[in-house]
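Comments concern the structure below.
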Amino acid sequence: MAELHLIGQIVGASGFPQRRLFCKWGLHAGGAWKLLSGLGAGQTQVDDPQADDVAYWCHPLDVHFATKGLQGWPKLHLQVWHQDGLGRSEVLGYGFCHVPATPGCHALTCVTWRPRGTWRERLKQRLVGGGPQLRAPETVAAGGADRFRLRTEAAGAVHLQLGVLLRHFGRYGVEC
Amino acid sequence: MNRSEESQMIIMEEEFLDEDPAQVERLTRTLTTRRHRRKQTLPEAVGPPEPRAEERSRTSMAAAPSGAAPQPLRDLPPVPSTSRTGFAEFSVRERMKEKLKAAKSKAEINLLQEDHSPRPRRLKNIRERKTEVRLDKASDNDKFREMQEDESHLPSKIKFRDSVKKLKQKSTFQNDFPSAEEAYNFFTFNFDPEPDSIKAGARKRNELNEEEEAEEECVETHEDEQEEDETDEDVRLVKDDDLFIIGQTAEDFLVMKPADCESYSEQLKKEKEFLFTPSMLAVPISEKMPGNMQPRYLEDEGLYTGERPFVSQSNQNILENRILRQEKGKEWFGDDGKILALPNPIKQSSTRPPILSLEEGIAPELETVYRKAIKMTAANQYLVGPGDFQGPFQLDIDISGLIFTHHPCFSREHVLAAKLAQLYDQYLARKQKNLTKLLTDKLHALRNAVQCSIDAGGAGVPSPVAQQSIPEYKIEIRQTRRLRDAEQEKDRMLLKTIIKVWKQIKSLRDFQKFTNTPMKLYLRKEEVDQRLDEKTYEAEIQAEINELLEECMEEYEKKMEEYKTELQEWKSWKKTQKSKKKKKKKDIHEEESVEDCDLGEERVKPIPPKMANSLEIEQQVREKADNCRRKPGEPALIPELVLSGSITPTELCPRAEVLRREDVKKRSAFIKVLFNSKEVSRTVTRPISSDFRVHFGQIFNLQIFNWPESLKLQIYETMGVSSTTLLAEVFIPVPETTILTGSAPMEEIEFSSNQRVMLDHEGVGSGVSFSFEADGSNKMTSMTSGKVSNSVSWAVGEKGIPLIPPVSQQNTGIPSALKNIDAIASIGTSGLTDMKKLAKWAAEAKLDPNDPNNAALMQLIMVATSGEAHVPDFFRLEQLQQEFNFVSDEEFNRSKRFQLLQLRNGEVSEFRNYKQVPLHEREISEKIFQDYEKRLQERDVIDSKNYLDAHRAVVANYLQKVRESVINRFLIAKHHFLLSDLVNEEEIPSLGILGLSLFKLTEPKRPLKPRRKERKKVTAQNLSDGDIKLLVNIIRAYDIPVRKPVMSKLQQPSKSSRSFNEMFAASLSAQSPTDSPDWAFNQVLVRPFVEVSFQRTVCRTTTAEGPNPNWNEELELPFRAPNSDYSTHSLQSVKDEVFINVFDEVLHDAVEDDHERGSGIHTRIERHWLGCVKIPFTTIYFQARIDGTFKVDIPPVLLGYSKEKNLGIERGYDSVRNLSEGSYITLFITIEPQLVPGESIREKFDTQEDEKLLQAAEKYEAECTSKFPSRQCLTTVIDLNGKTVFITRYIKPLNPPQELLDAVPNSSQTAAELVARYVALIPFLPDSVSFAGICDLWSTSDQFLYLLAGDEEEHAVLLCNYFLGMGKKAWLIIGNAIPEGPTAYVLTLEQSQYVIWNPSSGCFYGQYDTFCPLQNVYCLISCDNVWFNMQEYDSPVRTNFDISKPKLWKSFFSRSLPYPGLCSVQPEELVYQHSDKAAAVELQGRIEKILKDKIMEWRPRHLTRWNRYCTSTLRNFLPLLEQNQGKDVEDDHQAELQKQLGDYRVSGFPIHMPFSEVGALIEAVHSTGVHTIDVSNVEFALAVYIHAYPQNVLSLWIYVASLVRNR
């Protein structure tokens, strides 16, 4: 019966080698959680920064969850994509971060990574674009998989500002 | 100051080193200690600032020459003693002097002692220095300057310098001399402790004792220096020459030294002394163990000792040796004599195993796949978002061939052959299945089983299972037998027909003397053993008879049982009856007896059942067997169709046949493949072979992005070179995801075309009847038909991965992980979700588990049912979820707040704009959900309460559903945004705009004809209640009816028959105002005012006088949006109407008797309704403003009122007379602030139209709108299923109800009027209200008539179709009218005049009628073309309707794009239900009752009396009104009423409207305000009449009147 209201924004991304970035995001919560209102997934616009390397999206998040248990605290999944000069898109990074469990405003930085691929793929990527993508990004995010076999390389970071409102958690003995 | 001394020390040290290392060592030690101390004291012992400054200046002066000195004189020089005097106390000084003297004398003694030997050495030293310096600093200038500086200073300075020098000399001299002790004493000896305290006091009074030592040091140094000073003086006195030399060459102080370097061996040697190198030899255990203990080995004793970390033995030895040398070194050793060690912490295996190959063993969810950069498209129906793009999906479509089962070029023989082939195919299929055999076998098996169980039962103990199963078996047997019989009969029938057709073919071949088909039928006889056959036959019959008998017996028994019980009941009842009768005699109780008698009559004595006759049954069975079974001994016939026959060569054929064959040769066919209605590929064109088969054998691989919605094959036939005709379209089902290439079977899909082809040769044509008989009897008609054999399957990619799109699709973002896991999908089926149901069905149907046909199904069911019982064998992530839940699921789901939030989020209509969900559960009332839940429950329950009419209730329900689905669709569409929705980018002013604005400067400031400026539009997002106002400006009215003096009776001949000619011809002369020239004089004034009501807010104007009042008043009405939702779509669906009612204000003398008169005026104001104008809010919303003169809707009869001019009753296109035809009101209505009307939905609808046609339509529309942007060009519309349909498909001649045509058989124009009236009687329901979002849905006429609701388009289409059906020339006008806005009217051509019909009111206007509500004409639409108005002016008066002129009317289908013959969406013929008069009468009564109740309800404080006499009079009038359609009855009527109700003042009127629902009626009655009269003795009369027209179209009349008795 506790509620979690998440209001915030995906501010932008920095540290990516390319410009013209956009971000797909999704909120994943466990079975005990119910999305009361708001969108649980979405996509930002493409930002092509002219001045510096930080892409700003300022994409609003406004999600209202209700929960009957603590398990499966909502998680934010981010995919940073790049739109190249031909209008094609390719993945630049995957990132996952938990929604903060303390009420208040939080400025988060979610670092991202991306699969590295074999040298052949890297060569291809350099020449014709595209790149290795996860077949099932959501399961990787769910944490079930041992990720050590995945060869990845660091990508940039996504900046988030999340305001968390919690309600009635105290009633069930959860101190936030 | 201390440093200088230090440096001196260092020098001394250096020199000491040379002589005695031991001494040196000691000395250095002392020195370092002292130095340390000094460092400590330094900060505290800082002298007063003045002397220090002085010192500094001095040193800087002194440093210049002495800088050349060999000593690294880095810091402050020694403080001269003179400086002390300033502040030291005198006594102290005295004492100091004494001490110094003592010290001096001592020093002198020393000096004298040492004087002899060291001198030469020193000299040499000086010389050395000289040379060095010269080498170093060769600049004479510098020297000179220094010299000068020196000279310029006081001689004392030189002395000082000397003294320094000498001190050094002295110290060097003394090196050899003093023992270490002496030296120590010299430096450390505390000469006098006394001045200590004093000095400390002088410097820092608060100094602590601890620091005494440090201070001592300070003092000491001072003393030393002073001492030196003394000696300096002495020395100088003695050695002047030294001074001389030094003064000249400062370089003498420098000395050149080689770099200090110790040889390595020396270093080693030195190191040896203080370094310890442990040996590498093993240490004996005894040394490591304390005492004489023996080492014990824990491992040997069985205790666990971890593995020790590996250290090499030599290292270990070194360590041991090292430790042993240390104090308590043995503590480091354990009991076993080894160094204590923790177990080896290093893991044997690496925690992160090396990845040998990347591909191997990666978990499936971690697999990466290389994807090309892809372009994204915005359309939402794409398979998957680009994020989930899983590579190309591929459909393989294999088109192998085409077989015509009928073709126009078929000869008669072909027709028969095709039939034969079909039958034969059927035969083969049946034979393959062999159901008969199967069922027979089953029957035998069942019989055996029954026999067995009976035998077993007879033999021993009957098992309960067997006992139970016998009846089941029997039932089974019966069913099976019945099935088998049916099958057998079918088999036999088939065989018979095959033979029959073959015979026909044969006779035909004989008749025409040539053969066209190679077909030959052989009948193979299979001889059977007659005896055996007979035996089985007989046995079969016997078994059947037995079973039937048994069955009959069973039935008989059952019936007998029933009979018995019934009889029993009957008997008992009889008994009670008798006893009651007896009782009755005693007490006479009539009622009861009556009741009893009633009961008694119901009871009938039951009839005993009949026993079945075995003979009868036998006869039945035999008859049936004869019919459907092969007779015993008859050979079994097996037909065999072969294509071995020879076709007669063409030369031998008659001419007609030759022509046919040639024609066939010319024809060829190809197939287009359409994916989602887009042509993706087509086959090659192949000629049709003589046996009407076309072989393609092509496989098309479709790589798809879109979700396959439709797959279509279009079969085209080409004739000769050019002409191509579309024969048929075949829809292919999109294959299941399990169907993959390779495993997909070839399927034959039948098609047929409704094309009508007639040929002039032997070919039978298509859609043409022909006969096989010579006399032409027994005709038959075939349509072109055939079969396409094809297969569609999903392709299999490399590695065997099927290229199938995922079933679940997500539009945007990241799909949830859980959605992809579908347990059943993993089994390999899709779409089957309700396994429970399936299992249940399987159980009920008693599927034979052993039937191989059922195998797959059974397995699936097994999995499904067993899987349910088991714990699912997949891993659950949240298995402990339950334990940790805060609340139970039920409670969680019960939460009203959450429910509310979710519903609001889901945009459920009730909650779509619910604001401020309460924070606490308790604040949410249960009522909120009541409506919603009620709606959910009643979705399928038809509520007839509100609709009074079952049909209308059904329709309303249906409309509601359509509305919901459409709304949902639009809600989704609303969330799709374009760039322009989000980004508001103002155009950069270009040169043209600048020029325009410059041009504006020249405009007059105050133009003579001012125009309304565009107001700024407000987007409806941030509006709230009260922000929006409706401004109604009522300007003036014309021709308001005037009160009629009670006595005046005007006799007007009623005109019932007029012709159009009469109507529009100027027939002024015929009617002249002869009747009452005095009308102008004796008229009674009318005092009209206007009341505007909107959303139950009422505003009124002041009262004006006369029939042509002028108000010019602005009324302001607030507007409230439903649910205070001011979003566009909500505003679009506002259903409220603005009622503009015209009333007459009547003053009545309220004084009861004349005695009270004189002192004051008592009048009572009554108001009489005269008419109204209704304007829907949506119209105002879309139009932004409504400006114009409208016809006031005045009831046909207004009691007590008459029209001012009687001459105007005749119509004509003369405007003067038109004026008087009705009453008009001039209005201006707008919304303040102006709202932005919503834009139409941009959703692209699917369509069945040809792509080419749609493109042409788009192009046409674009061309038209570019020329006349304000004119709407309509070519395609959306039908009720949400599909785009070309507009001309709606126009088609349709039959109006025969009843209407029969009513006036001879006059076409009256019939036309009747029809128009009929159409207008169908209730009006604007689409934009019902379907939020601006989307016109066009329903076809039959849908419209079924729904009995529609807006202008539907009315117009129906009326146009009726007119066409009546043989008129009619078009649909798309235009703009007041007050509807964009609308559709109908144009007809009547005797060279164009007449415009308003379909929703039934009125008609001449082309030149100024009061025609149609303002602009945009398009004309007929059944085969669309014309766009290209004329400069588009008002109907100025428009030329001659569509044959291409300059004036741009047509859609022209020579370049001929009309392709689009088939209509309308039905062939409209079927009308006959009107139900009885239902109408019943409805009439109900409505009357409801309205009466309502009127009483509206008058809560007054008594409402009903005048029954008047009501009945009115009721008699209403049918008359209906008959005359409300025309020309006024005066007769009035007279009659007057006659009947002479002493009443009656005011009232009939309201006429189409019936749709009760709410509208109530609203209409309410708006007239009849109930508002509050005279005490008022009486009311209300009558309702319903006239039912065909198809349940009801014309409703309500007559309301108020009566006040005249005194």
Side-chain angles (χ1 to χ4, degrees), chain A residues 1-3 24-26 28 30-32 34-43 64 66-72 77 79 81 83-84 86-91 115 117-118 121 124-125 128-142 144-151 171-172, chain B residues 352-353 355 358-376 385-390 810-820 875-878 880-889 891-893 895 897-902 904-906 917 919 921 982:
Chain A
M1 295 292 270
E3 293 169 51
K24 291 180 173 209
W25 60 275
H28 289 226
K34 189 154 82 172
L35 187 71
L36 284 186
S37 63
L39 293 174
Q43 181 181 322
H64 194 165
T67 180
K68 56 187 178 194
L70 271 183
Q71 279 156 320
H77 298 182
Q79 288 180 10
W81 289 67
Q83 194 181 60
D84 65 9
L86 303 168
R88 307 173 306 168
S89 318
E90 55 198 356
V91 164
T118 59
E121 283 172 339
K124 210 166 147 195
Q125 187 176 359
V128 298
Q133 291 181 16
L134 288 179
R135 267 191 208 282
E138 59 281 343
T139 39
V140 173
D146 270 335
R147 247 187 269 171
F148 72 83
R149 281 192 176 276
L150 202 59
R151 294 183 71 189
R171 193 185 277 181
Y172 303 102
Chain B
R352 201 182 158 116
I355 299 164
L358 261 178
E359 279 72 31
E360 192 191 325
I362 282 191
E365 61 267 30
L366 284 174
E367 265 177 48
T368 58
V369 57
Y370 185 85
R371 282 184 191 144
K372 281 183 202 160
I374 25 155
K375 252 189 181 161
M376 282 199 272
D388 319 311
F389 185 74
Q390 314 214 320
Q810 201 79 10
N811 284 343
T812 50
I814 305 159
S816 163
L818 293 170
K819 274 181 193 161
N820 291 345
F875 172 67
R876 282 194 78 95
L877 264 182
E878 293 164 348
L880 291 175
Q881 180 76 56
Q882 287 292 323
E883 281 88 295
F884 287 104
N885 275 355
F886 298 152
V887 289
S888 64
D889 285 1
E891 202 180 333
F892 188 60
N893 291 330
S895 165
R897 182 174 136 81
F898 292 170
Q899 230 174 321
L900 197 58
L901 283 166
Q902 269 190 312
R904 182 176 70 171
N905 188 48
V917 174
L919 204 57
E921 199 90 326
L982 302 172

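Numbered from 1 within each chain, the chains take letters A, B, ... in sequence-line order.
- Per-residue heavy-atom pair counts under 4.5 Å with chain A were compared for Glu891(B), Gln899(B), Gln902(B), and the maximum is reached by Gln902(B).
- The two residues Ala66(A) and Phe898(B) have their closest heavy-atom pair at CB-CE1, 3.3 Å.
- Open room surrounds NZ on Lys372(B); 12 or fewer heavy atoms of other groups in view lie less than 6.0 Å from it.
- Scored by the side chain to side chain donor-acceptor pair (under 3.5 Å) test, Ser37(A) finds no partners at all (sequence neighbours excluded).
- Residue contact with chain B, scored on non-hydrogen atoms closer than 4.5 Å, is absent for Leu39(A).
- If you measure heavy-atom distances from Arg904(B) to chain A, you find no contacts under 4.5 Å at all.
- Of the listed residues His64(A), Arg171(A), Glu121(A), Glu90(A), the one with more heavy-atom pairs under 4.5 angstrom with chain B than any other is Glu121(A).
- Taking CG of Leu35(A) as the reference point, atom CG of Leu901(B) lies at 10.5 Å (rounded to 0.5 Å).
- Residue Tyr370(B) comes nearest to Pro132(A) through the heavy atom pair CD1-N, 3.7 Å, listed as atom of the first residue, atom of the second, then distance.
- Here the OG1-CZ distance, from Thr67(A) to Phe892(B), works out to 6.0 Å after rounding to the nearest 0.5 Å.
- A distance of 7.5 Å separates CG in Leu919(B) from CD in Glu3(A), rounded to the nearest 0.5 Å.
- Between Arg371(B) and Leu134(A), the closest heavy-atom pair is NH1-O, 4.0 Å.
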